[in-house]
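Residue numbering restarts at 1 for every chain, and letters A, B, ... go by the order of the sequence lines. Values in this document were obtained by computation on a predicted structure and should not be read as measured data.
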There are 2 protein chains.
Amino acid sequence: MRNIDTDKEQAIFQAALRLIQQEGFAGLKMSILAKEAQMAAGTIYLYFKSKEDLINRLYITLKRRSAKSFLKGYDPKAPFMEGFELIWQNFLDTNLANPEESAFLEQYYRSPYLDKTVQDEADQLVAPVFELLERGKRERLVKEAPTEMLVAQLTGFVAALTQLHASGGLTMTAAFKNAALAMAWDGVKR
Amino acid sequence: MRNIDTDKEQAIFQAALRLIQQEGFAGLKMSILAKEAQMAAGTIYLYFKSKEDLINRLYITLKRRSAKSFLKGYDPKAPFMEGFELIWQNFLDTNLANPEESAFLEQYYRSPYLDKTVQDEADQLVAPVFELLERGKRERLVKEAPTEMLVAQLTGFVAALTQLHASGGLTMTAAFKNAALAMAWDGVKR
DNA sequence: AAAGATAATGAATAAATATTCATTCACAAA
DNA sequence: TTTGTGAATGAATATTTATTCATTATCTTT
(Lines give C-alpha, C1' and ligand atoms only; values in the text may rest on other atoms or scores of the structure.)
Protein backbone atom coordinates (compact mmCIF):
# COMPACT_ATOMS: atom_id res chain seq x y z
CA MET A 1 0.00 0.00 0.00
CA ARG A 2 1.13 3.49 -0.87
CA ASN A 3 1.98 5.97 1.80
CA ILE A 4 -1.04 8.16 2.20
CA ASP A 5 0.04 9.31 5.61
CA THR A 6 1.05 12.80 6.54
CA ASP A 7 4.14 13.16 4.36
CA LYS A 8 2.48 15.23 1.70
CA GLU A 9 0.37 17.08 4.19
CA GLN A 10 3.47 18.04 6.10
CA ALA A 11 5.20 19.14 2.92
CA ILE A 12 2.24 21.40 2.19
CA PHE A 13 2.26 22.81 5.72
CA GLN A 14 5.97 23.50 5.55
CA ALA A 15 5.76 25.15 2.17
CA ALA A 16 2.81 27.25 3.25
CA LEU A 17 4.76 28.55 6.23
CA ARG A 18 7.76 29.33 4.09
CA LEU A 19 5.63 31.27 1.64
CA ILE A 20 3.84 33.23 4.33
CA GLN A 21 7.21 34.11 5.78
CA GLN A 22 8.63 35.20 2.43
CA GLU A 23 5.67 36.80 0.75
CA GLY A 24 3.47 37.63 3.67
CA PHE A 25 -0.13 36.85 4.15
CA ALA A 26 -1.24 37.72 0.65
CA GLY A 27 1.48 35.57 -0.87
CA LEU A 28 -0.24 32.29 -0.22
CA LYS A 29 -1.41 31.31 -3.69
CA MET A 30 -2.35 27.71 -4.26
CA SER A 31 -0.37 27.41 -7.50
CA ILE A 32 2.76 28.87 -5.93
CA LEU A 33 2.21 26.72 -2.88
CA ALA A 34 2.09 23.62 -5.08
CA LYS A 35 5.36 24.57 -6.72
CA GLU A 36 7.01 25.24 -3.37
CA ALA A 37 5.77 21.93 -2.01
CA GLN A 38 6.99 20.22 -5.19
CA MET A 39 3.71 18.81 -6.34
CA ALA A 40 0.97 19.59 -8.79
CA ALA A 41 -1.72 22.06 -7.89
CA GLY A 42 -4.37 19.38 -7.89
CA THR A 43 -2.50 17.28 -5.38
CA ILE A 44 -3.16 19.78 -2.63
CA TYR A 45 -6.86 19.13 -3.10
CA LEU A 46 -6.36 15.46 -2.34
CA TYR A 47 -5.30 16.48 1.15
CA PHE A 48 -7.30 19.62 1.75
CA LYS A 49 -10.83 20.38 0.73
CA SER A 50 -10.08 24.00 -0.03
CA LYS A 51 -7.72 26.82 0.77
CA GLU A 52 -9.90 27.70 3.72
CA ASP A 53 -9.63 24.16 4.98
CA LEU A 54 -5.87 24.31 4.59
CA ILE A 55 -5.60 27.51 6.60
CA ASN A 56 -7.81 26.23 9.39
CA ARG A 57 -6.03 22.93 9.74
CA LEU A 58 -2.65 24.55 9.58
CA TYR A 59 -3.65 27.06 12.22
CA ILE A 60 -5.07 24.64 14.74
CA THR A 61 -2.24 22.17 14.19
CA LEU A 62 0.35 24.82 14.92
CA LYS A 63 -1.56 26.25 17.84
CA ARG A 64 -1.80 22.83 19.44
CA ARG A 65 1.84 22.15 18.79
CA SER A 66 2.77 25.51 20.24
CA ALA A 67 0.68 25.01 23.38
CA LYS A 68 2.01 21.51 23.91
CA SER A 69 5.51 22.83 23.53
CA PHE A 70 5.34 25.75 25.94
CA LEU A 71 3.49 23.69 28.56
CA LYS A 72 6.00 20.86 28.38
CA GLY A 73 7.01 19.80 31.85
CA TYR A 74 4.61 22.23 33.46
CA ASP A 75 3.24 21.13 36.79
CA PRO A 76 0.44 23.32 38.18
CA LYS A 77 1.31 22.07 41.65
CA ALA A 78 4.93 23.16 41.58
CA PRO A 79 5.88 26.49 43.20
CA PHE A 80 4.71 29.54 41.29
CA MET A 81 8.13 30.83 40.33
CA GLU A 82 9.15 27.48 38.94
CA GLY A 83 6.07 27.39 36.76
CA PHE A 84 6.54 30.96 35.60
CA GLU A 85 10.15 30.45 34.56
CA LEU A 86 9.38 27.17 32.88
CA ILE A 87 6.54 28.52 30.83
CA TRP A 88 8.35 31.73 29.97
CA GLN A 89 11.44 29.91 28.78
CA ASN A 90 9.46 27.29 26.91
CA PHE A 91 7.37 29.99 25.30
CA LEU A 92 10.29 32.09 24.22
CA ASP A 93 12.27 29.11 22.97
CA THR A 94 9.31 27.68 21.13
CA ASN A 95 8.70 30.93 19.34
CA LEU A 96 12.33 31.62 18.56
CA ALA A 97 12.76 28.12 17.20
CA ASN A 98 9.69 28.43 14.99
CA PRO A 99 9.50 32.02 13.85
CA GLU A 100 7.52 31.14 10.74
CA GLU A 101 4.87 29.35 12.75
CA SER A 102 4.87 32.12 15.26
CA ALA A 103 4.35 34.74 12.57
CA PHE A 104 1.61 32.67 11.01
CA LEU A 105 -0.28 32.33 14.26
CA GLU A 106 0.01 36.07 14.76
CA GLN A 107 -1.03 36.98 11.26
CA TYR A 108 -3.99 34.69 10.83
CA TYR A 109 -5.43 35.42 14.23
CA ARG A 110 -8.89 36.80 13.38
CA SER A 111 -8.50 36.30 9.64
CA PRO A 112 -11.80 35.83 7.84
CA TYR A 113 -10.69 32.34 6.94
CA LEU A 114 -10.62 31.08 10.51
CA ASP A 115 -13.63 29.25 11.89
CA LYS A 116 -14.92 30.38 15.23
CA THR A 117 -14.53 26.89 16.65
CA VAL A 118 -10.87 26.98 15.76
CA GLN A 119 -10.41 30.34 17.46
CA ASP A 120 -12.24 29.08 20.53
CA GLU A 121 -10.05 26.02 20.84
CA ALA A 122 -7.04 28.27 20.44
CA ASP A 123 -8.16 30.33 23.41
CA GLN A 124 -8.66 27.21 25.52
CA LEU A 125 -5.12 26.14 24.88
CA VAL A 126 -3.74 29.23 26.55
CA ALA A 127 -5.87 28.95 29.67
CA PRO A 128 -3.17 27.45 31.93
CA VAL A 129 -1.12 30.60 31.59
CA PHE A 130 -4.00 32.70 32.84
CA GLU A 131 -4.51 30.36 35.75
CA LEU A 132 -0.86 30.50 36.72
CA LEU A 133 -0.81 34.29 36.77
CA GLU A 134 -3.98 34.44 38.81
CA ARG A 135 -2.42 32.15 41.32
CA GLY A 136 0.62 34.45 41.32
CA LYS A 137 -1.62 37.33 42.27
CA ARG A 138 -3.23 35.35 45.09
CA GLU A 139 0.22 34.49 46.40
CA ARG A 140 1.17 38.18 46.32
CA LEU A 141 4.01 37.54 43.93
CA VAL A 142 2.46 39.23 40.92
CA LYS A 143 1.13 42.76 40.44
CA GLU A 144 -2.55 43.40 41.07
CA ALA A 145 -3.21 44.13 37.40
CA PRO A 146 -5.84 42.43 35.21
CA THR A 147 -4.60 39.03 34.14
CA GLU A 148 -5.22 39.93 30.52
CA MET A 149 -2.81 42.82 30.93
CA LEU A 150 -0.13 40.66 32.46
CA VAL A 151 -0.52 38.15 29.65
CA ALA A 152 -0.45 40.97 27.13
CA GLN A 153 2.93 42.12 28.32
CA LEU A 154 4.40 38.65 28.23
CA THR A 155 3.02 37.55 24.89
CA GLY A 156 3.54 40.94 23.29
CA PHE A 157 7.15 40.89 24.34
CA VAL A 158 7.73 37.40 23.01
CA ALA A 159 6.02 38.20 19.73
CA ALA A 160 8.11 41.31 19.23
CA LEU A 161 11.31 39.51 20.22
CA THR A 162 10.61 36.66 17.86
CA GLN A 163 10.00 38.99 14.97
CA LEU A 164 13.18 40.86 15.79
CA HIS A 165 15.19 37.68 16.02
CA ALA A 166 13.77 36.26 12.82
CA SER A 167 14.44 39.43 10.86
CA GLY A 168 18.07 39.33 11.95
CA GLY A 169 17.73 42.43 14.08
CA LEU A 170 19.03 40.69 17.20
CA THR A 171 20.47 37.25 17.85
CA MET A 172 19.09 35.78 21.03
CA THR A 173 22.08 34.33 22.83
CA ALA A 174 21.80 32.67 26.22
CA ALA A 175 22.80 35.94 27.89
CA PHE A 176 20.09 37.83 26.05
CA LYS A 177 17.55 35.21 26.97
CA ASN A 178 18.43 35.75 30.61
CA ALA A 179 18.03 39.47 30.16
CA ALA A 180 14.65 38.89 28.56
CA LEU A 181 13.52 36.71 31.45
CA ALA A 182 14.55 39.42 33.89
CA MET A 183 12.64 42.03 31.92
CA ALA A 184 9.56 39.83 31.69
CA TRP A 185 9.57 39.03 35.37
CA ASP A 186 10.29 42.59 36.48
CA GLY A 187 7.33 43.70 34.41
CA VAL A 188 4.80 41.48 36.14
CA LYS A 189 6.30 40.97 39.60
CA ARG A 190 4.79 42.72 42.60
CA MET B 1 -13.33 75.08 -8.55
CA ARG B 2 -14.49 71.68 -7.37
CA ASN B 3 -13.13 70.24 -4.22
CA ILE B 4 -10.47 67.80 -5.28
CA ASP B 5 -8.86 67.99 -1.91
CA THR B 6 -8.59 65.16 0.54
CA ASP B 7 -12.27 64.56 1.28
CA LYS B 8 -12.66 61.52 -0.93
CA GLU B 9 -9.19 60.32 -0.16
CA GLN B 10 -9.95 60.44 3.54
CA ALA B 11 -13.21 58.60 3.01
CA ILE B 12 -11.30 55.86 1.21
CA PHE B 13 -8.69 55.69 3.96
CA GLN B 14 -11.34 55.48 6.64
CA ALA B 15 -13.29 52.81 4.83
CA ALA B 16 -10.14 50.79 4.17
CA LEU B 17 -9.30 50.83 7.86
CA ARG B 18 -12.80 49.80 8.81
CA LEU B 19 -12.71 46.90 6.38
CA ILE B 20 -9.33 45.69 7.51
CA GLN B 21 -10.59 45.80 11.06
CA GLN B 22 -13.79 43.90 10.23
CA GLU B 23 -12.66 41.45 7.61
CA GLY B 24 -8.99 41.27 8.30
CA PHE B 25 -6.14 41.65 5.93
CA ALA B 26 -7.63 39.59 3.11
CA GLY B 27 -10.90 41.48 3.26
CA LEU B 28 -9.68 44.54 1.45
CA LYS B 29 -11.37 44.19 -1.94
CA MET B 30 -11.59 47.24 -4.14
CA SER B 31 -15.28 46.74 -4.95
CA ILE B 32 -16.22 46.28 -1.31
CA LEU B 33 -14.03 49.21 -0.39
CA ALA B 34 -15.87 51.39 -2.88
CA LYS B 35 -19.20 50.41 -1.40
CA GLU B 36 -17.99 51.05 2.13
CA ALA B 37 -16.63 54.46 1.10
CA GLN B 38 -19.92 55.18 -0.67
CA MET B 39 -18.57 55.74 -4.13
CA ALA B 40 -18.20 53.87 -7.38
CA ALA B 41 -15.32 51.48 -7.84
CA GLY B 42 -13.81 53.64 -10.54
CA THR B 43 -13.68 56.67 -8.29
CA ILE B 44 -10.99 55.13 -6.15
CA TYR B 45 -8.77 55.09 -9.22
CA LEU B 46 -9.10 58.85 -9.57
CA TYR B 47 -7.32 59.17 -6.24
CA PHE B 48 -5.05 56.16 -6.23
CA LYS B 49 -3.13 54.65 -9.08
CA SER B 50 -3.70 51.10 -7.89
CA LYS B 51 -4.44 49.05 -4.84
CA GLU B 52 -0.74 48.89 -4.14
CA ASP B 53 -0.53 52.66 -4.27
CA LEU B 54 -3.46 52.90 -1.88
CA ILE B 55 -1.84 50.59 0.65
CA ASN B 56 1.50 52.37 0.51
CA ARG B 57 0.03 55.82 0.90
CA LEU B 58 -2.27 54.71 3.67
CA TYR B 59 0.60 53.06 5.48
CA ILE B 60 3.02 55.95 5.36
CA THR B 61 0.30 58.46 6.17
CA LEU B 62 -0.68 56.56 9.28
CA LYS B 63 2.88 55.89 10.32
CA ARG B 64 3.72 59.58 10.09
CA ARG B 65 0.59 60.51 11.98
CA SER B 66 1.37 57.93 14.64
CA ALA B 67 4.97 59.10 15.07
CA LYS B 68 3.93 62.74 15.23
CA SER B 69 1.35 61.85 17.82
CA PHE B 70 3.52 59.84 20.17
CA LEU B 71 6.38 62.36 19.94
CA LYS B 72 4.09 65.28 20.68
CA GLY B 73 5.64 67.53 23.29
CA TYR B 74 8.78 65.39 23.46
CA ASP B 75 11.92 67.32 24.33
CA PRO B 76 15.14 65.31 23.98
CA LYS B 77 16.77 67.71 26.45
CA ALA B 78 14.31 67.13 29.25
CA PRO B 79 15.18 64.62 32.01
CA PHE B 80 15.08 61.02 30.93
CA MET B 81 12.17 59.96 33.08
CA GLU B 82 10.05 62.81 31.82
CA GLY B 83 10.70 61.80 28.23
CA PHE B 84 10.03 58.15 28.94
CA GLU B 85 6.68 58.77 30.59
CA LEU B 86 5.64 61.23 27.94
CA ILE B 87 6.41 58.92 25.06
CA TRP B 88 4.93 55.89 26.78
CA GLN B 89 1.68 57.64 27.57
CA ASN B 90 1.46 59.24 24.16
CA PHE B 91 2.18 55.93 22.52
CA LEU B 92 -0.38 53.99 24.50
CA ASP B 93 -3.04 56.68 24.11
CA THR B 94 -2.39 57.03 20.41
CA ASN B 95 -2.77 53.33 19.87
CA LEU B 96 -5.79 52.93 22.10
CA ALA B 97 -7.51 55.84 20.40
CA ASN B 98 -6.81 54.45 16.95
CA PRO B 99 -6.98 50.69 17.20
CA GLU B 100 -7.83 50.26 13.55
CA GLU B 101 -4.82 52.24 12.45
CA SER B 102 -2.73 50.42 14.97
CA ALA B 103 -3.87 47.05 13.68
CA PHE B 104 -3.27 48.13 10.12
CA LEU B 105 0.30 49.23 10.83
CA GLU B 106 0.91 45.91 12.55
CA GLN B 107 -0.65 43.79 9.87
CA TYR B 108 0.85 45.39 6.81
CA TYR B 109 4.31 45.61 8.27
CA ARG B 110 6.39 43.65 5.74
CA SER B 111 3.48 42.94 3.44
CA PRO B 112 4.52 42.31 -0.16
CA TYR B 113 2.64 45.45 -1.10
CA LEU B 114 4.88 47.79 0.86
CA ASP B 115 7.74 49.55 -0.93
CA LYS B 116 11.11 49.37 0.72
CA THR B 117 11.36 53.15 0.78
CA VAL B 118 8.16 53.29 2.77
CA GLN B 119 9.45 50.75 5.26
CA ASP B 120 12.70 52.66 5.58
CA GLU B 121 10.95 55.92 6.33
CA ALA B 122 8.83 54.09 8.86
CA ASP B 123 11.97 52.96 10.66
CA GLN B 124 13.36 56.48 10.70
CA LEU B 125 10.26 57.77 12.38
CA VAL B 126 10.83 55.55 15.40
CA ALA B 127 14.48 56.52 15.87
CA PRO B 128 13.92 59.01 18.74
CA VAL B 129 12.65 56.20 20.93
CA PHE B 130 15.83 54.25 20.40
CA GLU B 131 17.91 57.30 21.21
CA LEU B 132 16.00 57.94 24.42
CA LEU B 133 16.50 54.42 25.67
CA GLU B 134 20.19 54.50 24.84
CA ARG B 135 20.51 57.64 26.84
CA GLY B 136 18.68 55.90 29.68
CA LYS B 137 21.29 53.17 29.64
CA ARG B 138 24.12 55.71 29.74
CA GLU B 139 22.47 57.37 32.70
CA ARG B 140 22.21 54.01 34.48
CA LEU B 141 18.46 54.24 34.68
CA VAL B 142 17.70 51.50 32.19
CA LYS B 143 18.77 47.86 32.05
CA GLU B 144 21.90 46.97 30.10
CA ALA B 145 19.92 45.04 27.50
CA PRO B 146 20.06 45.60 23.74
CA THR B 147 17.98 48.62 22.83
CA GLU B 148 16.02 46.56 20.33
CA MET B 149 15.00 44.30 23.17
CA LEU B 150 13.85 47.16 25.34
CA VAL B 151 11.86 48.58 22.47
CA ALA B 152 10.44 45.14 21.75
CA GLN B 153 9.02 44.88 25.24
CA LEU B 154 7.45 48.31 25.11
CA THR B 155 5.97 48.11 21.61
CA GLY B 156 4.95 44.49 22.03
CA PHE B 157 3.10 45.34 25.20
CA VAL B 158 1.30 48.28 23.62
CA ALA B 159 0.36 46.26 20.56
CA ALA B 160 -1.07 43.48 22.67
CA LEU B 161 -2.88 45.90 24.96
CA THR B 162 -4.39 47.74 22.04
CA GLN B 163 -5.66 44.56 20.48
CA LEU B 164 -7.10 43.48 23.80
CA HIS B 165 -8.78 46.82 24.35
CA ALA B 166 -10.19 46.95 20.83
CA SER B 167 -11.60 43.43 21.02
CA GLY B 168 -13.42 44.36 24.22
CA GLY B 169 -11.29 42.06 26.34
CA LEU B 170 -10.29 44.87 28.72
CA THR B 171 -11.31 48.49 29.04
CA MET B 172 -8.32 50.68 29.69
CA THR B 173 -9.39 52.99 32.47
CA ALA B 174 -7.07 55.60 33.97
CA ALA B 175 -6.20 53.19 36.76
CA PHE B 176 -5.29 50.47 34.30
CA LYS B 177 -3.19 52.91 32.32
CA ASN B 178 -1.22 53.64 35.44
CA ALA B 179 -0.77 49.95 36.05
CA ALA B 180 0.44 49.55 32.49
CA LEU B 181 2.97 52.36 32.90
CA ALA B 182 4.28 50.71 36.04
CA MET B 183 4.61 47.38 34.26
CA ALA B 184 6.34 48.96 31.29
CA TRP B 185 8.78 50.88 33.43
CA ASP B 186 9.51 47.97 35.77
CA GLY B 187 10.32 45.89 32.71
CA VAL B 188 13.03 48.20 31.40
CA LYS B 189 14.29 49.94 34.54
CA ARG B 190 17.66 49.03 35.97
C1' DA C 1 -28.60 79.58 -19.32
C1' DA C 2 -25.26 77.57 -22.35
C1' DA C 3 -20.73 75.83 -22.87
C1' DG C 4 -16.75 74.05 -21.04
C1' DA C 5 -14.33 71.61 -17.61
C1' DT C 6 -13.86 68.44 -13.94
C1' DA C 7 -15.55 64.59 -11.20
C1' DA C 8 -18.04 60.39 -10.68
C1' DT C 9 -20.24 56.34 -12.31
C1' DG C 10 -20.59 51.31 -12.93
C1' DA C 11 -20.96 47.90 -16.45
C1' DA C 12 -17.54 45.72 -19.18
C1' DT C 13 -12.98 43.81 -19.44
C1' DA C 14 -8.69 42.14 -17.96
C1' DA C 15 -6.02 39.76 -14.79
C1' DA C 16 -5.21 36.84 -11.15
C1' DT C 17 -6.24 32.81 -8.71
C1' DA C 18 -8.88 28.72 -6.91
C1' DT C 19 -10.58 24.42 -8.22
C1' DT C 20 -11.79 20.44 -11.17
C1' DC C 21 -11.24 16.27 -13.63
C1' DA C 22 -9.85 13.41 -17.58
C1' DT C 23 -5.64 11.38 -17.97
C1' DT C 24 -1.22 9.41 -16.59
C1' DC C 25 1.72 7.25 -13.27
C1' DA C 26 3.50 4.01 -9.73
C1' DC C 27 3.14 0.32 -7.30
C1' DA C 28 1.06 -4.28 -5.84
C1' DA C 29 -1.36 -8.48 -6.38
C1' DA C 30 -2.46 -12.24 -9.39
C1' DT D 1 3.52 -9.82 -17.54
C1' DT D 2 -0.87 -8.23 -16.91
C1' DT D 3 -4.34 -6.08 -14.39
C1' DG D 4 -6.25 -3.39 -10.74
C1' DT D 5 -6.13 0.55 -7.67
C1' DG D 6 -5.07 4.57 -5.42
C1' DA D 7 -2.13 8.69 -6.08
C1' DA D 8 -0.58 12.45 -8.79
C1' DT D 9 -0.71 15.44 -12.61
C1' DG D 10 -1.55 19.94 -14.89
C1' DA D 11 -4.14 21.95 -18.57
C1' DA D 12 -8.73 23.59 -18.68
C1' DT D 13 -12.42 25.88 -16.29
C1' DA D 14 -14.70 28.55 -12.83
C1' DT D 15 -14.48 32.18 -9.86
C1' DT D 16 -13.07 36.11 -7.86
C1' DT D 17 -11.24 40.62 -8.03
C1' DA D 18 -8.63 44.66 -10.00
C1' DT D 19 -8.90 48.02 -13.40
C1' DT D 20 -10.60 50.61 -17.42
C1' DC D 21 -13.30 53.81 -19.97
C1' DA D 22 -17.40 55.43 -22.45
C1' DT D 23 -21.04 57.77 -20.46
C1' DT D 24 -23.37 60.75 -17.15
C1' DA D 25 -23.56 64.09 -13.59
C1' DT D 26 -21.96 68.21 -11.36
C1' DC D 27 -19.89 72.29 -10.96
C1' DT D 28 -17.77 76.97 -13.06
C1' DT D 29 -17.39 80.47 -16.04
C1' DT D 30 -19.08 83.58 -19.33
ask   = Should we count CD of Glu100(B) as having more than 12 external heavy atoms under 6.0 Å?
value =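 Above 12, so yes.
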query = Could you give all pairs that pass the ring-ring contact (aromatic ring centres under 6.0 Å, His included) test and reach residues 133-166 of chain A, with sequence neighbours left out?
reply =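 Output for this query lists Trp88(A)-Phe157(A).
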Round to a whole Å and report the spacing from [atom1] of [X] to [atom2] of [N].
X: Ile32(A); N: dA16(C); atom1: CD1; atom2: C1'; answer: 10 Å
X: Lys29(A); N: dT16(D); atom1: NZ; atom2: P; answer: 16 Å
X: Leu54(A); N: dT17(C); atom1: CG; atom2: C1'; answer: 15 Å
X: Glu52(B); N: dA15(C); atom1: CD; atom2: P; answer: 16 Å
X: Asp7(A); N: dG6(D); atom1: CG; atom2: P; answer: 19 Å
X: Phe48(B); N: dA18(D); atom1: CZ; atom2: P; answer: 15 Å
X: Lys35(B); N: dA18(D); atom1: NZ; atom2: P; answer: 13 Å
X: Ile12(A); N: dA7(D); atom1: CD1; atom2: P; answer: 13 Å

Is the closest side-chain heavy-atom distance between [X] and [Y] below 4.5 Å?
X: Arg64(A); Y: Glu121(A); answer: yes
X: Val142(B); Y: Phe84(B); answer: no
X: Glu36(A); Y: Gln14(A); answer: no

query = Taking only residues two or more places apart in sequence or in another chain, which ones pass side chain to side chain donor-acceptor pair (under 3.5 Å) with Thr94(B)?
reply =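 Result, side chain to side chain donor-acceptor pair (under 3.5 Å) vs Thr94(B): Ser69(B).
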request  = Can you figure out which of dA8(C), dA18(C), dT19(D) approaches the side chain of Met30(A) most closely?
outcome  =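 Side chain of Met30(A) sits closest to dA18(C).
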query = Of the nucleotides dT19(C), dA18(D), dA8(D), which has the atom closest to the Lys51(A) side chain?
reply =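 Ranking dT19(C), dA18(D), dA8(D) by closest atom to the Lys51(A) side chain puts dT19(C) first.
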ask   = Hey, what bend do you get for the helix from dA1(C)-dT30(D) to dA30(C)-dT1(D) if you fit axes on five pairs at each end, rounded to 10°?
value =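 The value is 0°.
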message = Donor-acceptor pair, distance only, cut-off 3.5 Å: does the side chain of Asn56(B) make one with the backbone of Asp115(B)?
response =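 Answer holds: yes.
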ask   = Are any of Tyr45(B)'s side-chain N or O atoms less than 4.0 Å away from OP1 or OP2 of dA8(C)?
value =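 Answer no for this pair, as no side-chain N or O of Tyr45(B) is under 4.0 Å from OP1 or OP2.
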task = Not counting sequence neighbours, which residues clear ring-ring contact (aromatic ring centres under 6.0 Å, His included) with Tyr45(B)? List them please.
result =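 Result, ring-ring contact (aromatic ring centres under 6.0 Å, His included) vs Tyr45(B): none returned.
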Quick test: give all pairs of protein nitrogen or oxygen and nucleotides 9-13 of chain D nitrogen or oxygen below 3.5 Å, distance rounded to 0.1 Å.
unit_1	atom_1	unit_2	atom_2	d
dT9(D)	OP2	Ala40(A)	N	2.9
dT9(D)	OP2	Thr43(A)	OG1	2.4
dG10(D)	N7	Gly42(A)	N	3.4

key: Contact list for residues 180-190 of chain B, test side chain to side chain donor-acceptor pair (under 3.5 Å), sequence neighbours left out   =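 Side chain to side chain donor-acceptor pair (under 3.5 Å) check on residues 180-190 of chain B returns Lys143(A)-Asp186(B), Asp186(B)-Lys189(B).
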